Asker: 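Encoded as structure tokens, here's the structure I'll be asking about.
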Amino acid sequence: MALRIDQIIGEREVRRAVIGRIETAYDIEILQSDHDKRVVFEIQKDEVQSMLQLTPCIAAMRRNPPVTGGGRLPCMADIERVGMDCISAATTQEAYRRKGLMRRLLSGALDYQNQMRVPLCLVEMGKTAFAADFFSHFGFHYIYDRPRYELNTERITVEMLRRAAGGESVVLEEPSVTLEVVRPKDLLSLAHFVNAKLCRNYGLFVIRSAAYYESFQQELQHNGGYLFQIVKDGVRRGCFACSSASIPGIQEVIFEEDTDRERYFCVREHKRPAVMARITNMAEMLGHIAGNGKITIAIRITDPVIAENDGLFRWYIDVNGSYMERVEQSDDGQDSSMRPEVTATIGEFTAFIFEYIQLKRNVKFDSIYLSGPIWMNDRYK
């Protein structure tokens, strides 16, 4: 117990020191909530002129090398829990726009995450007042395209949703299949169900918990929406969230079998780019990236914000993980002893790590165990 208390005190002292350095370097204020660990970056004089908020989340990242053999499906024992930050709010009052205030805040927030050894920063498009082009200037790149679903009203009608929301177990196409609202007692098993499904198909996702779904359910109900589940012979087959039981907007659809999802939902439109990200602490991120044998890659990365990520590197990869070693360059930025096999921005490198884009097609790159694809809902709480 004494060791744990000392560790907590040490972490707080490190955080205070980092906050002090960032506040001084960028002339901003940083506030942290002891309750939910959110960090708010502000510029204010007589009033708050501009603010940016980071919300921490615990993500599941596939442990590499991936599980093979024995016919066993991947499970939660095959993932690593990794702390990440999401930009959950970013806004500047109209009178103070176009003065570079958000640039200071975002630069400070990224520097803060690097110094706090946070490996990745995410931003959900539409959650802030700024467009993708703005974040691209700071090294962000899309890593996830989100599908949009709508109910197949030939199988689940709005009237059925209303009845289920009222507490009824609504029979669907056969007596053994029912539509039900998710009750508080179901939240823990729902979290287990969703985590088990996601870890079989994705390399990165935000871990669900009973508390996560309790908060999600409260948000939905506040706006007239509900969490629903479809049960067959007493076994949950899938779940989905509706923003309203009368004019349903679908926020989340997760089914045990894709055929069940396709039976009850139609794809409303093509996948739309939805989540951007960038690596903030390279060492922390690369520790989770391994390869099939020993691999060395010469790579040049450009990072407009974090100097440690910018330069010419040798990337060493083996079955236990990877790391980068900077290659010294001459004054003109050239190095006669090593030419990069690939050149990428920090955003492109991030998108490559999560299988959103390819950097280069050859045996070396094909031998890297990447951490995608990813799955992201449109909330991080």
Side-chain angles (χ1 to χ4, degrees), residues 32-40 53-61 75-77 79 81-89 122 124 126-127 144 146 149 151 156 160-170 178-202 204-231 234-256 261 264-265 274-275 374-381:
Q32 183 179 20
S33 167
D34 292 331
H35 171 63
D36 55 18
K37 305 305 180 184
R38 297 188 189 193
V39 183
V40 176
Q53 178 175 275
L54 294 179
T55 298
C57 66
I58 301 299
M61 187 177 293
C75 64
M76 290 297 284
I79 65 98
R81 288 166 169 79
V82 181
M84 299 178 181
D85 283 339
C86 308
I87 298 175
S88 51
L122 303 160
E124 167 86 20
K127 292 289 186 180
Y144 177 62
R146 179 177 294 122
Y149 295 105
L151 277 173
I156 300 179
M160 288 177 173
L161 290 178
R162 289 174 179 164
R163 288 163 54 196
E168 184 178 343
S169 183
V170 180
T178 57
L179 170 69
E180 305 170 1
V181 73
V182 176
R183 295 173 174 82
K185 66 180 180 61
D186 301 323
L187 296 179
L188 181 59
S189 65
L190 177 65
H192 291 325
F193 170 84
V194 171
N195 287 333
K197 170 64 178 176
L198 294 179
C199 74
R200 293 198 294 269
N201 294 277
Y202 299 98
L204 178 76
F205 61 91
V206 175
I207 296 175
R208 270 57 177 153
S209 65
Y212 172 97
Y213 276 117
E214 182 179 21
S215 175
F216 192 7
Q217 194 174 54
Q218 289 172 354
E219 289 177 15
L220 289 167
Q221 291 177 349
H222 178 73
N223 296 301
Y226 295 89
L227 276 172
F228 294 97
Q229 58 188 1
I230 292 178
V231 178
V235 178
R236 182 184 291 111
R237 303 298 298 168
C239 63
F240 60 95
C242 280
S243 58
S244 169
S246 56
I247 307 176
I250 307 302
Q251 294 188 32
E252 179 163 309
V253 178
I254 301 175
F255 276 77
E256 182 68 30
R261 185 197 67 226
Y264 298 111
F265 291 88
V275 178
I374 80 163
W375 193 94
M376 288 284 162
N377 190 10
D378 56 357
R379 69 185 300 280
Y380 305 102
K381 293 185 180 180

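Remember, predicted model here, so these are calculated numbers, not experimental data.
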Asker: For Asn377 and Arg208: C-alpha separation, side-chain torsions, deciding distance, then whether side-chain contact (heavy atoms from CB on, under 4.5 Å) applies.
Answerer: CA-CA 11 Å; Asn377 190 10; Arg208 270 57 177 153; 3.3 Å; yes
Asker: Do Arg236 and Ser189 get their side chains close enough for a donor-acceptor pair, meaning under 3.5 Å?
Answerer: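 Yes, Ser189 and Arg236 have a side-chain donor paired with an acceptor closer than 3.5 Å.
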Asker: Is the shortest side-chain heavy-atom distance between Met376 and Phe205 below 4.5 Å?
Answerer: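 Side-chain contact under 4.5 Å: no.
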Asker: Relative to the ring of Phe216, is the ring of Tyr212 parallel (under 30°), tilted (30 to 60°) or perpendicular (over 60°)?
Answerer: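 Tyr212 and Phe216: perpendicular rings.
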Asker: Is the shortest heavy-atom distance from the side chain of Phe255 to the side chain of Tyr264 under 4.5 Å?
Answerer: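 Yes, at least one pair of side-chain atoms sits under 4.5 Å.
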Asker: Indicate the atoms forming the closest heavy-atom contact of Leu54 with Pro56, along with that distance.
Answerer: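 Closest approach of Leu54 to Pro56, heavy atoms only: O-CD, 3.9 Å.
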Asker: Search all heavy atoms of Leu151 against all heavy atoms of Leu161 and return the closest pair with its distance.
Answerer: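 Where Leu151 meets Leu161 most closely, the heavy atoms are CD1-CD1, 3.4 Å.
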Asker: Looking at every non-hydrogen atom in both residues, tell me the closest pair between Leu220 and Cys242 and how far apart they are.
Answerer: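 That closest heavy-atom pairing would be CD2-O, 3.5 Å.
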Asker: Between the main-chain N or O of Leu187 and the side-chain N or O of Gln217, is there a donor-acceptor pair closer than 3.5 Å?
Answerer: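 Not confirmed, Gln217 side chain does not pair with Leu187 backbone.
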Asker: Taking side chain as C-beta onward, heavy atoms only, is Trp375 less than 4.5 Å from Ile254?
Answerer: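 SC-SC contact between Trp375 and Ile254 confirmed.
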Asker: Can any side-chain N or O of Arg146 pair as donor or acceptor with the backbone N or O of Val275 at less than 3.5 Å?
Answerer: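 Checking the backbone N and O of Val275 against the side chain of Arg146, no donor-acceptor pair under 3.5 Å is found.
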Asker: Measure the shortest side-chain to side-chain distance between Gln229 and Phe193 over non-hydrogen atoms and say whether it is less than 4.5 angstrom.
Answerer: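 Not touching, per the 4.5 Å side-chain cut-off.
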Asker: Shortest non-hydrogen contact from Val253 to Tyr149?
Answerer: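 So the two residues come closest at CG2-CD1, 3.8 Å.
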Asker: Ignoring hydrogens, what is the shortest heavy-atom contact between Tyr226 and Ala165? Give both atom names and the distance.
Answerer: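 Distance-wise, the nearest heavy atoms are CE1-CB, 3.5 Å.
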Asker: Can you check whether Ile207 reaches Ile79 side chain to side chain, under 4.5 Å on heavy atoms?
Answerer: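 Answer yes - side chains close enough.
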Asker: Do the side chains of Gln251 and Ser243 get nearer than 4.5 Å, heavy atoms only?
Answerer: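 When only atoms from C-beta onward are counted, Gln251 and Ser243 do touch, with a gap below 4.5 Å.
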Asker: Determine the sole option in Arg237, Arg200, Arg261 for which the side chain to side chain donor-acceptor pair (under 3.5 Å) test with Glu256 is passed.
Answerer: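 Among Arg237, Arg200, Arg261, the one meeting side chain to side chain donor-acceptor pair (under 3.5 Å) with Glu256 is Arg200.
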Asker: Quick one: CG on Asn201 to CD1 on Ile374, what's the gap to the nearest 0.5 Å?
Answerer: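 The CD1 atom of Ile374 is 14.0 Å from CG of Asn201, to the nearest 0.5 Å.
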